[in-house]
Amino acid sequence: MENEILKKLREIQLTTEKIQEYEKNRIQKWDRENTYHIENESAKNPFYCLVMFPYPSGRIHMGHVRNYTIGDAVARFKRLQGYDVLHPMGWDAFGLPAENAAIKHKTPPAKWTYQNIDAMRKQLKRMGLSYDWQREIATCRPEYYKWNQWIFIEMMKRGWAYKKTAPVNWCPKCETVLANEQVVDGCCWRHEDTPVEQKELSQWFFKITEFAEKLLEGHKKLEGKWPERVLTMQKHWIGKSEGTIAQFPLHEASKEALGSSYDKLKKEALEIYTTRIDTVYGVTYMALAPEHPWLDSIENPQFKQAIDAFREEVKKVSLTDREEAKDKKGLFTGIYVTHPFTGEKIPVWTANFVLATYGTGAVMSVPAHDERDFAFAKEYNLPIQYVVFPKEGEIPEDAAFTEYGILKNSGPYSGLSSAQARQKMTHDLKEKGMGDFKVQYRLHDWLLSRQRYWGTPIPVIYCDSCGIVPEKEENLPVVLPEEVEFSGSSSPLKDMPEFLKTSCPQCGKEATRETDTMDTFVDSSWYWARYISPRKEDGIADKKSAKKFLPVNEYIGGIEHATMHLLYARYFAYILNDLDVLEIDEPFAKLTTQGMVIKDGRKMSKSLGNIVDPDDFLQNQGADTIRLFSLFAAPVEKDLDWSNEGVEGALRFLKRLYRFVMGLKFVNPDLTLMQTVPEKKPTSSRGKKIWQKTHETILTVTKDFESLSFNTAIARLMELLNDLYAEFFSEDGEKLKVEKSSYELELLSFSVSSLLAMLFPVAPFLSLTLLEELGLKEEKELKWPQADEKEAQKSEVVIVVQVNGKVRDKISLPVDIEKEAALQTALQSEKIRKYVEGKEVKKQIYVPKKIINFVVG
RNA sequence: GCCGAGGUGGCGGAACUGGUAGACGCGCAUGACUCAAAAUCAUGUGUCUUCGUGGCGUGUGGGUUCGAGUCCCACCCUCGGCACCA
């Protein structure tokens with residue numbers, strides 16, 4: 001080739017300057033033209049791709065990069081396939097960090113939050129994420145949280161939101177109530193070194209427990225579409241158990257301890273919950289939680305003093321610390337109850353390991369068949385009586401036998417199996433009016449009030465004459481004042497008469513507003529619905545459009561939301577359905593949980609100093625590179641180990657691609673965009689090879705994209721480029737020239753166009769730049785490539801020949817060869833003969849296109 | 001302790017319903033280009049080896065099978081979740 005052309009060919013290089021230039025131009029164009037905006041009405045083929053919206057902390061981190069790149073690849077892929085993709089983004093904008101920042105920097109939380117949103121929006125745009133920015137929402141805007149309030153009031157009307165006094169976890173540093181799930185190792189989840197205390201407060205709750213069964217039922221629909229472990233975690237979280245409620249009447253021997261309270265309790269009887277009523281004949285004592293109300297009724301100072309001291313001691317330890325303390329402590333209360341089956345007198349104890357919040361806060365203790373009861377009985381020398389025996393073998397020595405078996409020493413029930421006894425005993429209790437079957441859940445009602453400023457105001461008013469009154473719907477939203485000063489640590493709302501003072505919606509008299517705000521999980525429980533109609537003023541979402549787009553087809557986010565957010569969002573979907581806002585059952589038809597981004601095998605964190613800032617890469621290698629690496633380095637659901645060398649490798653691939661396409665176009669100006677399979681097949685041998693490879697790649701990459709296996713899809717694209725390089729690229733430029741008569745130009749047009757289209761979801765900037773060089777006019781014209789199954793077949797295939805299971809040779813055979821012919825060819829191979837000759841062939845195994853195995857003796 | 005996921009080269013990771021283990025990438029090595037370096041291109045790269053192309057190789061030990069990373073049993077380790085839930 002002539003020197004001048006060669007020189008120009010060498011100059012074709014993808015530089016960082018070029019990358020920065022075309023990426024920035026493209027972003028401006030997308031922004032100017034609202035490229036990814038879709039209208040609800042005109043969407044014929046809807047696909048809803050949702051990623052978990054971020055808390056606007058100020059900067060995006062690698063976790064965001066990964067999550068949103070995955071979502072974007074899905075959205076772009078589906079768009080090329082012809083879907084009208086709803087791909088929105090917004091801000092989970094309420095929450096604690098804004099308040100902490102306000103105290104630190106003296107900026108109001110609102111201002112701080114809005115600044116952060118602006119900064120992060122810019123970063124996300126720089127990433128090339130194809131959001132419909134016209135649908136952007138921020139949960140801290142009154143237009144949004146108005147609907148939190150509306151939902152709350154509707155729930156309140158139906159008794160699904162209620163107030164109760166409850167012992168709650170209290171973080172002295174946050175000055176707020178923590179949900180049980182926010183307590184980590186006895187400490188606040190945000191202040192790892194601050195032990196949680198107990199405090200009694202009047203709190204707002206959502207009755208999520210009423211939906212426990214439905215939340216479990218709903219899993220059936222999600223099986224196979226949600227990660228198995230998320231479903232398991234939710235099942236455990238809900239913690240369904242089926243057992244028996246049984247009543248143990250008060251025994252008159254209790255009079256001594258209870259004194260005048262005896263008559264009151266006599267009417268009540270002690271109610272317990274057990275899953276092992278079959279062991280009831282082995283009950284040797286009862287155990288009450290230290291919080292159990294019966295303990296309040298003990299009057300005899302002989303018992304009262306010790307019990308009060310014990311309760312005081314237990315109270316000092318926070319709820320979770322109590323769970324950690326394994327040593328079992330307790331004492332006798334002076335109370336006795338009567339065994340419902342035998343009429344025996346049973347002593348009642350109180351014990352630190354009995355949970356007030358589960359069941360009835362009282363248990364029947366069967367040390368012979370429960371490990372905890374056994375340990376307690378040993379500690380306090382209480383009798384142990386075995387009543388269930390294994391079908392075969394012996395009762396373990398000096399331990400509880402906790403398995404099911406056959407009953408003995410159990411009056412009329414002796415001889416029954418555990419399962420039979422549970423049925424019959426419960427049935428008999430029910431007949432006597434002393435018990436019933438009972439399904440119990442671990443799940444608690446959702447405590448939603450927070451003693452915080454930066455959240456949705458709970459829209460209720462306290463009136464001296466009418467009590468607790470919800471705000472009128474026409475007065476919503478109850479607006480959170482944004483211009484505030486943080487005087488101290490408590491909510492500034494308490495010092496704002498303009499917020500506090502109002503009139504009662506019922507009687508009109510002067511009244512006071514609630515100053516508690518809502519848990520931010522309320523915001524994120526229904527945001528997926530708001531994206532449908534983000535600006536709608538008279539409702540949450542247009543019902544018709546919602547029906548079109550919901551449920552979400554692909555929801556992508558972190559595994560850390562497996563229980564709380566994902567359970568609450570499912571719950572809210574049911575609620576919104578019942579409120580006739582949406583027609584929906586499960587909100588997320590499919591869920592993908594991506595792994596963490598780690599560095600050097602450890603989680604990225606400030607303290608370890610191993611944080612990688614996405615901005616550095618965006619400003620140098622560009623968005624395509626960072627996207628490509630994020631998707632290539634690990635399967636979506638696994639942790640991704642960040643590697644700067646790996647990033648360089650991703651950039652190298654893009655540079656190779658650029659050089660190939662631009663070089664090819666330079667030498668063959670007729671190279672063009674070709675989005676359909678060429679009519680004529682190439683005639684050259686290199687052409688035939690690439691023809692087959694292109695078809696095969698299209699088929700496998702399509703499959704990989706469907707299953708979100710981006711890492712393998714990218715590997716296949718790299719292979720295709722490697723093959724193209726091997727067949728059509730040489731430093732001297734000679735191989736680049738193609739002859740029209742061999743149909744290689746059509747082939748290359750098709751192959752390169754397909755490669756670029758398949759790369760588009762991953763690296764849209766370079767992909768579009770090169771496609772435009774080939775002649776693409778409008779991004780909208782780009783389609784996902786189609787291939788022919790038949791053309792993807794290789795004519796010859798390498799078959800492995802084994803002798804006695806060991807690979808001895810590899811031979812190339814036509815794909816459609818008959819079994820006998822294949823075996824004969826294999827036997828003729830020198831290498832095989834060496835191992836087979838003179839021996840008896842006992843068995844011949846032939847798996848078409850795969851393997852031949854001779855078993856010789 | 002219980003539940004779940006997973007252990008594959010120097011590293012990240014491939015391998016469809018049992019059928020060439022290590023695709024693709026990183027790293028490394030050698031060569032080409034260059035005064036040189038970088039970049040780029042080409043070749044090689046599990047391990048041992050008496051270099052016969054043979055032995056050994058997917059956490060460990062057994063088993064099923066013509067054939068096991070894949071299936072079965074036991075165990076070890078790592079990660080995630082739950083943890084006195086009666």
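None of the values given here were measured: they were computed from a predicted structure. By convention in this document, chain letters (A, B, ...) are assigned in the order of the sequence lines, proteins followed by strands, and residues within each chain are numbered from 1.
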Could you run through RNA chain B and flag its stems, i.e. three or more consecutive Watson-Crick or G-U pairs with both distances under 3.5 Å?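 Detected stem regions: B:1-7 with B:76-82, B:10-12 with B:24-26, B:27-32 with B:40-45, B:46-48 with B:54-56, B:59-63 with B:71-75.
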About how many Å separate OH of A:Tyr835 and CZ of A:Arg808, when rounded to the nearest 0.5 Å?
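OH of A:Tyr835 is found 3.5 Å from CZ of A:Arg808.
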Could you measure the distance from the OG1 atom of A:Thr700 to the CD atom of A:Glu719? Nearest 0.5 Å is fine.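 Taking OG1 in A:Thr700 and CD in A:Glu719, the distance rounds to 8.0 Å.
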Can you tell me how the ring of A:His339 sits relative to the ring of A:Phe248, calling it parallel under 30°, perpendicular over 60° and tilted otherwise?
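The arrangement is perpendicular - the two ring planes meet at more than 60°.
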### Message
Would you call the rings of A:His565 and A:His561 parallel, tilted or perpendicular, taking 30° and 60° as the class edges?
### Response
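The arrangement is perpendicular - the two ring planes meet at more than 60°.
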- Message: Checking the side chain of A:Thr333 only, and the main-chain atoms of A:Val348 only, is there a donor and an acceptor separated by less than 3.5 Å?
- Response: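 At least one qualifying donor-acceptor pair exists.
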Check: Would you find a donor on one side and an acceptor on the other, under 3.5 Å apart, between the side chain of A:Gln20 and the backbone of A:Asn620?
Finding: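 Pair found, side chain donor or acceptor close to backbone of A:Asn620.
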Mark yes when over 12 heavy atoms from residues, nucleotides or ligands other than [X] sit less than 6.0 Å from its [atom1]; otherwise mark no.
{"X": "A:Glu637", "atom1": "CD", "value": "yes"}
{"X": "A:Lys689", "atom1": "NZ", "value": "no"}
{"X": "A:Lys831", "atom1": "NZ", "value": "no"}

Rounded to the nearest angstrom, tell me the gap between atom [atom1] in [X] and atom [atom2] in [N].
{"X": "A:Arg442", "N": "B:rC82", "atom1": "CZ", "atom2": "C1'", "answer": "7 Å"}
{"X": "A:Lys328", "N": "B:rA86", "atom1": "NZ", "atom2": "P", "answer": "14 Å"}
{"X": "A:Phe854", "N": "B:rU65", "atom1": "CZ", "atom2": "C1'", "answer": "19 Å"}
{"X": "A:Phe248", "N": "B:rA86", "atom1": "CZ", "atom2": "C1'", "answer": "12 Å"}
{"X": "A:Phe353", "N": "B:rA83", "atom1": "CZ", "atom2": "C1'", "answer": "15 Å"}
{"X": "A:Asp641", "N": "B:rG13", "atom1": "CG", "atom2": "C1'", "answer": "11 Å"}

Quiz item: For the rings on A:Phe376 and A:Tyr285, is their centre-to-centre separation under 6.0 Å?
Solution: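 Aromatic pair counts; centres sit under 6.0 Å.
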If you only use heavy atoms from C-beta on, which nucleotide in [options] is closest to the side chain of [X]?
{"X": "A:Val798", "options": "B:rG67, B:rU20, B:rG13", "value": "B:rU20"}
{"X": "A:Tyr725", "options": "B:rG81, B:rA42, B:rC85", "value": "B:rA42"}
{"X": "A:Glu719", "options": "B:rG13, B:rC24, B:rA86", "value": "B:rC24"}

(request) With heavy atoms under 4.0 Å as the rule, sort A:Lys806 into base, sugar-phosphate or nothing. (result)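 Result for A:Lys806 = sugar-phosphate.
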| task | Can you sort out which residues in residues 11-20 of chain A have a heavy atom within less than 4.0 Å of RNA chain B? Ascending by number, please. | result |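 Within this stretch, nothing sits under 4.0 Å of the strand.
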C1' atoms of B:rA21 and B:rG67, separation to the nearest Å: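 About 14 Å, rounded to a whole number of Å.
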Anything under 3.5 Å between a protein N or O and an N or O of nucleotides 1-6 of chain B, put it in a table, one pair a line.
| from | atom 1 | to | atom 2 | distance (Å) |
| --- | --- | --- | --- | --- |
| B:rC3 | O2' | A:His236 | NE2 | 3.4 |

